[in-house]
Amino acid sequence: MKTVIMKYDRDHKDPGVMEQAGRILRDGGLVAFPTETVYGLGGDALNPRASQKIYAAKGRPSDNPLIVHIADMEALKVLAREIPENALKLADRFWPGPLTMILNKSDAVPHETTGGLDTVAIRMPSHPAAYELIRSSGVYIAAPSANTSGRPSPTLASHVEEDLGGRIDMIIDGGRCDIGLESSIIDLSVPVPTILRPGYITRAMFEDVIGHVDVDPTIVSDSLIPGQKPKAPGMRYKHYAPRGDLTIVEGGRQAVAAKINELIALRESQGRRTAVICSEETRNLYRCGIRETIGSREHEESIAANLYDVLRRMDRDGAEYIYSESFAGAGLGTAIMNRLLKAAGHKIIRL
Ligand code: AMP
Ligand code: MG
């Protein structure tokens, strides 16, 4: 299949792009498009064949449900069996934006889209390309991240092309995604609202609107807790991983740098290609061939926005052993470390 790549420029819009993309979606095809979080791989959410195509293109296990993207509140009534008060409050504050809510699904939503579950994940994205695509297609768009399952999520159209070129109908290239990490997911189908995936919207931000929320314990633990399965099925799978062997080293700046330099020297003496993921503030502390500066510790947003691109660059650089600093922090740090720990298969050295 030939994948058509079309540019989207929010200041100079070409209506032809959205018309063509909308037609593909209505015909049951797949279109990758930018959102404020990461690129999504879209198909008609109410068409079971389109959902099956999404799983096939990504190599995604079919029990890992898709998020349905909408452009107005009317859509909620079509997709959800009931709409709790908390959903309205959160939508009012955070939609359109990087928030996904889990609600009991209506009969309109096929089980192919929800991975067999009776709940459905719904989000109203704020990126204008996503909004225009939903509008021009006239469908609700099921869209997981537009990467091959297991690889880092795409934050640039070139990442999508790398993974899915030749496997999908179209890629809308809207440049770099602002946030760079997937949406926060909150489950509102249970008695106590529960965060299933951390993201740009933090626990404190949720609690400010709806009071106490729980956090799925599997999000914060270093390793899977025996007998406990993450409630977002997708969080169960190894994710975001570069091909090289990634280890996180956590502790004071100097101690971390000393440890990483020691590990690099050891691997290099074995003839291995090494790389380090560091911050602007610490890059001069490392003696290493490949140093990837992920962002500034003063701006967690920069670290989130660059994370997946840096992980993909590790593959392009052919890094066999990768050492990363820890980026734990109160705000976005939870989401960043959730992804980084998964990418590292939870390998972390604490000093
Ligand atoms: P992605 O769009 O690739 O970030 O994947 C969607 C994420 O949402 C996965 O981690 C899914 O497991 C999660 N998700 C989607 N629908 C549901 C649902 N009904 N219940 C719980 N988690 C869900
Ligand atoms: Mg994904």
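Any value given below was found using the heavy atoms of this structure, including those in side chains, with hydrogens, waters and symmetry copies removed. Both ligands and their constituent atoms are indexed starting at 1 by order of listing. Values in this document were obtained by computation on a predicted structure and should not be read as measured data.
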The residue among R316, R283, R313 that forms salt bridge (Lys or Arg N to Asp or Glu O under 4.0 Å) with E292 is R313
Is [X] touching ligand 1 with its side chain, its backbone, both, or neither, if touching means heavy atoms under 4.0 Å apart?
X	value
I67	side chain
T100	neither
I185	side chain

The ring-ring contact (aromatic ring centres under 6.0 Å, His included) partners of Y140 (sequence neighbours excluded) come to none
inquiry  = For ligand 1, which is the ligand I care about here, please tell me if R197 has any N or O atom under 3.5 Å from one of the ligand's N or O atoms.
reply    = yes
For ligand 1, find out whether one of its N or O atoms is nearer than 3.5 Å to an N or O atom of E182. no
(message) Looking at D163 and K58, is any side-chain nitrogen of the basic one under 4.0 Å from a carboxylate oxygen of the acidic one?
(response) no
Would you say L117 touches ligand 1, if touching means a heavy atom closer than 4.0 Å?
yes
Please state whether R60 comes within less than 4.0 angstrom of ligand 1, counting heavy atoms only.
yes
Sub-6.0 Å ring centroid separation between Y308 and Y240: yes
The atoms of ligand 1 lying under 4.0 Å from a heavy atom of N64, numbered in the order shown, are 9 (C), 11 (C), 12 (O)
Check your understanding: Counting backbone and side chain alike, does S145 bring an N/O/S atom below 2.8 Å of the Mg ion (ligand 2)?
Key -> yes
> Parallel, tilted or perpendicular: which describes the rings of F33 and H69, with under 30° parallel and over 60° perpendicular?
Replying inline: perpendicular
(message) What I want to check is whether the side chains of S296 and S302 have a donor and an acceptor closer together than 3.5 Å.
(response) no
